[in-house]
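Take a look at the structure set out below.
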Amino acid sequence: MRIIGILFRRELASYFATPLAYVFILIFLVLAAAFTFYLGGFYERGQADLAPFFNFLPWLYLFLIPAISMRLWAEERRNGSIELLLTQPITLWQAVLGKFLAAWAFAGIVLALTFPLWITVGYLGAPDHGAIVTGYLGALLMAGGFLAIGSCMSALTRNQVIAFILGVVVCFVFLLSGFPLVLDAFRAWAPQGLIEAIASLSFLTHFEALSKGVIDLRDILYFGMTIVFFLVATSVVLDARKSE
Amino acid sequence: MIKTDRLSKRYGSLSAVEDLSFEVSPGEVLGFLGPNGAGKSTTMRMLAGFVTPTAGTASLCGHDVLEAPVAARACLGYLPEGAPSYGEMTVRGFLGFIAELRGLDGALRRSRLDRVFGRLQLEPVLEQTIDTLSKGFRRRVGLAQALIHDPQVLILDEPTDGLDPNQKHEVRTLIGEMARDKLIVISTHILEEVTAVCTRAIIIARGRIVADQTPQQLAARSRYHNAVSFCADDEAQALRLRAALESQAEITAVEYEARGRRLTALPRDGAAILATVQAIAAGQGASLQELQLEAGRLDEVFRSITA
């Protein structure tokens with residue numbers, strides 16, 4: 001735990017040591033506001049809730065979360081610091097978890113900075129604050145799922161651009177796995193059971209329930225298991241190819 | 001104590017390291033030599049637990065690198081090739097981070113940090129980010145990182161690469177001082193370094209050990225071991241001396257370098273030929289300028305056994 005904490009602090013500080021964090025925060029907030037107010041019709045809808053924000057959030061995350069996760073391991077490999085890190089008296093699992101938690105905390109900080117939206121909606125009307133809280137919880141869980149996928153993709157390569165593209169593609173598949181775009185690719189040959197299993201993997205369906213204020217343990221469990229699965233995959237990939 | 005037992009690493013069909021078995025005891029400074037791609041870095045990485053051996057194993061201070069990797073790494077200070085670090089961190093921040101990972105805190109952490117800052121002369125750059133440092137400073141940050149916890153075993157992959165002659169001297173002095181109670185393995189391309197700091201040299205080529213001796217023993221394998229060289233007074237004298245020396249039974253060959261009129265007489269089987277050379281030179285009235293007795297040329301030994 002102590003080791004994970006040390007790695008977590010170093011990693012989180014490294015986001016803010018370069019302009020990266022600030023550029024990212026700025027872009028995220030500008031896009032979130034643009035989506036919410038223009039595309040989402042925040043005012044025109046005449047309803048006091050954050051649905052316009054939460055509806056577009058998965059699409060914003062699709063591109064912006066891989067941008068956070070792409071550097072996790074690819075950068076360490078590129079500049080060789082992975083050798084320094086993994087020859088310290090720590091386990092691979094501690095390193096994977098410490099770095100992932102730092103990225104997740106950073107995503108959480110960025111998400112928290114959208115609080116003016118909440119204040120606005122509270123000022124203009126009487127929103128269901130409970131639903132907004134579960135919406136934020138769902139958003140945080142979804143960010144964690146995307147980051148775990150991105151961490152695994154970043155472990156595969158020493159090139160951050162490749163890590164980013166792989167991350168976007170895999171996240172896209174997971175986001176839309178309940179939709180015809182993905183399901184049709186399986187429908188022709190896969191058994192019905194498998195198709196239903198794939199459909200149930202969709203980030204979008206699990207997130208939608210949460211963003212509407214419904215806390216279903218299965219949704220939370222789903223994101224938790226996705227995170228665990230991809231972090232285990234990250235350490236398997238790293239163990240096999242860390243020195244290449 | 002480092003012990004390797006038939007340590008091997010294969011990459012597909014390519015064998016990088018094959019059946020490497022050796023032991024190193026405290027007080028020894030082992031120089032790891034070999035051409036590029038001979039398997040030096042791969043071996044060091046296996047000892048540090050970064051590369052997993054395909055066969056065999058190794059242990060550091062009695063901890064097996066495969067079965068107890070964290071304990072093995074805890075007694076090791078390791079400088080990877082190229083001295084990588086986190087460029088966006090300051091020197092102070094980076095070394096503080098490593099000290100924390102090494103489990104140092106409070107007063108002990110401060111005193112250890114102050115000691116490595118002093119020993120590697122890092123004080124002027126403590127608040128600079130590592131990205132902005134010169135190559136020499138980066139290498140010293142890498143060394144500081146390996147020394148911070150005062151480890152029993154030090155493995156340094158090319159510790160003096162990129163340093164200027166003064167800094168090289170500093171690092172060699174540092175290694176010499178630490179050698180008393182530690183066990184140090186360095187890899188290097190600089191053969192004079194082996195003579196300067198190592199008590200033992202292992203030369204590997206194509207993943208195998210081809211020599212394991214003291215630097216003196218290695219040098220004695222050179223055909224220049226006990227060779228005598230001097231400068232002749234003029235061209236004609238040089239030619240006369242060359243002919244006279246070549247006729248001696250215990251001299252196998254005489255090399256002549258026209259630029260400095262330098263003659264080098266090579267002994268047969270390392271025989272002592274200084275007296276013979278002096279006697280012949282006296283007979284020719286030569287003044288024997290810049291007379292030298294050679295210990296042997298490591299680079300020549302290196303080439304002859306690795307090529």
Side-chain angles (χ1 to χ4, degrees), chain A residues 1-24 68 71-99 102-103 106 155 158 160 235-244, chain B residues 9 11-12 16 41-42 44-53 60 63 65 68-90 93-105 109 129-131 138 141-142 145-146 148-149 151 153 155 157:
Chain A
M1 239 9 246
R2 194 185 62 87
I3 298 280
I4 293 174
I6 297 166
L7 295 170
F8 172 84
R9 280 199 302 279
R10 192 214 76 80
E11 187 75 18
L12 190 59
S14 81
Y15 285 97
F16 293 96
T18 61
L20 180 90
Y22 305 100
V23 170
F24 184 88
I68 300 180
R71 53 177 291 283
L72 274 177
W73 291 102
E75 192 181 39
E76 295 258 1
R77 290 170 77 136
R78 166 63 45 103
N79 68 26
S81 52
I82 187 170
E83 185 171 357
L84 177 94
L85 180 67
L86 297 182
T87 52
Q88 300 298 321
I90 63 171
T91 64
L92 184 58
W93 186 240
Q94 288 168 332
V96 168
L97 210 56
K99 284 172 83 75
F106 177 64
R158 53 172 55 214
Q160 293 195 38
S235 60
V236 169
V237 167
L238 283 173
D239 201 35
R241 342 188 9 162
K242 61 192 172 190
S243 60
E244 281 168 33
Chain B
K9 178 69 188 177
Y11 291 105
S41 288
T42 306
M44 293 184 143
R45 284 174 168 179
M46 285 194 279
L47 291 175
F50 185 61
V51 166
T52 313
L60 306 178
H63 304 292
V65 294
V70 175
R73 280 181 235 146
C75 75
L76 167 73
Y78 177 56
L79 173 70
E81 189 178 10
S85 54
Y86 292 108
E88 80 281 357
M89 296 180 90
T90 62
F94 173 68
L95 293 175
F97 162 67
I98 298 290
E100 268 191 280
L101 275 187
R102 292 289 183 181
L104 302 171
D105 44 28
R109 173 161 175 254
T129 59
I130 294 170
D131 268 341
R138 276 189 220 186
V141 170
Q145 163 275 125
I148 210 155
H149 52 298
V153 177
I155 296 182
D157 203 346

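Below, read A as the first sequence line, B as the second, and so on, with proteins coming before strands; counting in each chain starts at 1.
Between the OH atom in A/Tyr15 and the CD atom in B/Glu88 there is a gap of 11.0 Å [rounded to 0.5 Å]. Taking CG of A/Leu84 as the reference point, atom OH of B/Tyr86 lies at 6.0 Å (rounded to 0.5 Å). Residue A/Lys242 holds its NZ atom at 4.5 Å from OG1 of B/Thr52, rounded to the nearest 0.5 Å. A distance of 11.5 Å separates CG of A/Leu86 from OH of B/Tyr78, quoted to the nearest 0.5 Å.
For A/Ser14, the parts lying under 4.5 angstrom from a heavy atom of chain B are both the backbone and the side chain. When heavy atoms are compared at a cutoff of 4.5 Å, A/Leu92 does not approach chain B at all. For chain A, no part of B/Pro69 is nearby; none of its heavy atoms comes within less than 4.5 Å. For A/Glu75, no part lies near chain B; criterion is any non-hydrogen pair under 4.5 Å.
The pair B/Glu100-A/Arg10 does not count as a salt bridge, with every side-chain nitrogen at least 4.0 angstrom from each carboxylate oxygen.
The side-chain heavy atoms of A/Thr87 and B/Leu76, taken from C-beta on, include no pair separated by under 4.5 Å.
Listed here is the closest heavy atom pair of A/Arg2 and B/Leu101: NH2-O, 4.3 Å. Taking each heavy atom of A/Leu7 and B/Phe97 in turn, the nearest pair found is CD2-CZ, 3.9 Å.
Heavy-atom contacts from other residues, nucleotides or ligands closer than 6.0 Å to CG of B/Asp105 number 12 or fewer.
With chain B as partner, the option from A/Ser81, A/Ala17, A/Gly80 having the largest number of non-hydrogen pairs under 4.5 angstrom is A/Ser81.
Looking at A/Gln88 and B/Arg102, their side chains do bring a donor and an acceptor atom within 3.5 Å of each other.
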